[in-house]
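Worksheet: the structure to be examined is printed underneath.
Residue numbering restarts at 1 for every chain, and letters A, B, ... go by the order of the sequence lines.
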Amino acid sequence: MKLTEINIILIGIVSLLGVGFYGLLITRNLIKVVMVLQILVKAVVLAFVFSGKVSGNLGLGQSIAATVIVADTIVAVVGLALAVQVRRRFGTLDAPEISTLRG
Amino acid sequence: MNLLNFIWMITIPLIASPVVYLSGRLGTHEVVLQRRSYLVRGLALLAILLAWVPFVFSVRTFLTGGLLEFNIESIWLRVDGISLLVAAMVLVLGTMVILFSGPYMAGEVGEEKYYAMLLAMIGLMIGLACADDLFNLWVWFEGMAVSSYLLVAFYREQPASLEAGMKYLVQSAVGSVLVLLGVALVLANAGTLDMSGIHEAISRSEVNRWALLGAGALFVIGFGVKVAIVPLHTWLPDAHSQAPSGISAMLSGVVIEAGLIAMLRALSVLPGFSISWGILFMSFGALNILYGNLLALRQTMVKRLLAYSSLSHIGYILLGLGVAFYSGAELGAQGAFFHLFTHMLMKGLAFLAVGALIYGMFLQNDSHASLKVTDLAGAAQKYPLVALAFSIAVLALGGLPPLAGFMSKWQIFVAGFQVQNNWVTALMIFMALNSVLSLAYYAPLVNLMYRKSPSEQVLAGKPLPMAITLPLLLMMLAVIVLGFVPQLMNWVTAPAAQTFIAMFGR
């Protein structure tokens, strides 16, 4: 596979997704979980720029990428706010330790 | 600025949301606090009642064949049968929940945030149903999701609520990443995100079928988290049982259904896979019904039991839609949409009735405990109306004729038999048997309330105010009336089913 621009971006998307999903599986700290989610979102942002480019509609791809960044920042903020509250109530950020609801 | 335009049913709640929030932050003096709470509640109720006006006029325009569209540049919002159905569901349940929450949430810390988020969620859900552009659909969806995370974790003093909120946030966020990947795949292949534009672009040029199928799979999994299709459901019982009761009703009654509508809209841009979606929906539907029922059987917490029953009801809806996908039968889609509506009424009523009991037994006594099944014993003696409403709700959910739940399940059942396919027939019989099985956990609740001697909690219970019993009464009447006259809802379920068939036209 030749290292053209397109291929480099594709490799970037796939590896970011790989890192993100692997991170979701192994991360226990809630702050890190939010960070891992942001890595996944960055993969998506790249994917939008990429698909804008291959479909010849770069403007649309980029504007969507900007919107995604804004929208997912809100999710990250809410996630971090919840993590702060979790730290206050439980005294820990470790996901398995706060897990009490079952069945 | 025509106030009768449909766009106002989206904008009124959205504009009201910050106004309600700010009005709740006015002044900090002790004397003001009480009056401020009334101001917040009053404004929220006023906003939702105002939103009914454009709704009624939109219905009138729609039924006379008028066009309902709105655009900013190239982003279109259009009203079709499905949008109207969702708007009707959201407004009915939203009004009831806001009325109910008045006393229920009174005096909670951050009451104004509750109403602000609730109104925002209502507006965003109606917007979601009108979106006509794939990315726009995602934006509405994400907005709705964010407001629901905050509402689930509303009792931030309670560790369990925080845990439920966190679980919900992480799973939904991963789901929305998958949806976005699907949208990016479609954009790469079609070059546009306008729904009708994608349809044209895809049918015109040679596109990779596998890429489209991949996008479809991403949509099913991504939105499936919100719809709580079985392997992706783990957030649902926690979130539904830990949220304030009004929010449990909203989540179970409209939010997961809005996720389903979003999934349908997203799938509709990928032509030519109807049969595959049909088989997928029917198998997941059957799985959801069985799994929800089996887990509900062994629950000891009332709200958790109702949450698992939501899983099985999503199964019935998926089954009805699957039949419609598979055979192109309008009746299946109509049954599924009717079940969406009746499920909203029944499950909303059930959660609000449980909320009323929690209010009387726990909140009035300054406790935030969860309602156990055993606490229900003898509740009918102290709370006859609530007990009656809850009994009617659970019996309707179990599909006892002549209540509303039976009628909608029956429509799906009939549509399935008309397909004349052995597998589908077998699935329908499976569904009917499961409906009977579900009575195994609904009936004991009724028995417990009417035939046992009152539990300690019931004896210590306080009386309920009018604002709590009124929504229960209204919804109970609706469940009974729709059971006797199911054709009352045809004006909205039939256009919704036609829209569905037009979206997946074959």
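For chain A, the nearby parts of B:Val183 are the backbone and the side chain; heavy atoms of each come within less than 4.5 Å. Neither the backbone nor the side chain of A:Val36 has a heavy atom closer than 4.5 Å to any heavy atom of chain B. Only the side chain of B:Val146 comes within less than 4.5 Å of a heavy atom of chain A; its backbone N, CA, C and O stay farther away. Heavy-atom distances place both the backbone and the side chain of A:Leu40 under 4.5 Å from chain B. In this structure, chain B has a heavy atom under 4.5 Å from the side chain of A:Phe21, while its backbone stays farther away. For A:Val33, the part lying near chain B is the side chain, with the backbone staying farther off; criterion is any non-hydrogen pair under 4.5 Å.
The greatest number of non-hydrogen atom pairs below 4.5 Å with chain B, out of A:Thr67, A:Leu82, A:Val78, A:Ile64, is found for A:Ile64. Contact count versus chain B (heavy atoms, under 4.5 Å) is highest, among A:Val75, A:Val41, A:Asn57, for A:Val75. Each of B:Gly165, B:Ala153, B:Pro159 has some count of heavy-atom pairs under 4.5 Å with chain A, and the biggest count is that of B:Pro159. Looking only at heavy-atom pairs under 4.5 Å with chain B, the residue among A:Ile74, A:Leu24, A:Leu60 that has the most is A:Leu24.
The minimum heavy-atom distance linking B:Leu187 with A:Gly61 is given by the pair CD2-CA, 4.3 Å.
The line from CZ of A:Phe48 to CG of B:Leu181 is 8.0 Å long, rounded to the nearest 0.5 Å. For the atom pair CZ (B:Arg156) and CZ (A:Arg89), the distance works out to 7.0 Å, reported to the nearest 0.5 Å. Here A:Gln85 contributes atom CD and B:Glu163 contributes atom CD; the two are 15.0 Å apart, rounded to the nearest 0.5 Å. Here the CG atom belonging to B:Leu193 is positioned 8.0 Å from the OG atom belonging to A:Ser51, to the nearest 0.5 angstrom.
Surrounding CE of A:Met35 are at most 12 heavy atoms belonging to other residues, nucleotides or ligands under 6.0 Å away.
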**Item:** side chain to side chain contact (heavy atoms under 4.5 Å, CB included) between A:Arg87 and B:Leu162, intermediate numbers included
**Value:** CA-CA 10 Å; A:Arg87 179 76 173 73; B:Leu162 283 177; over 6 Å; no
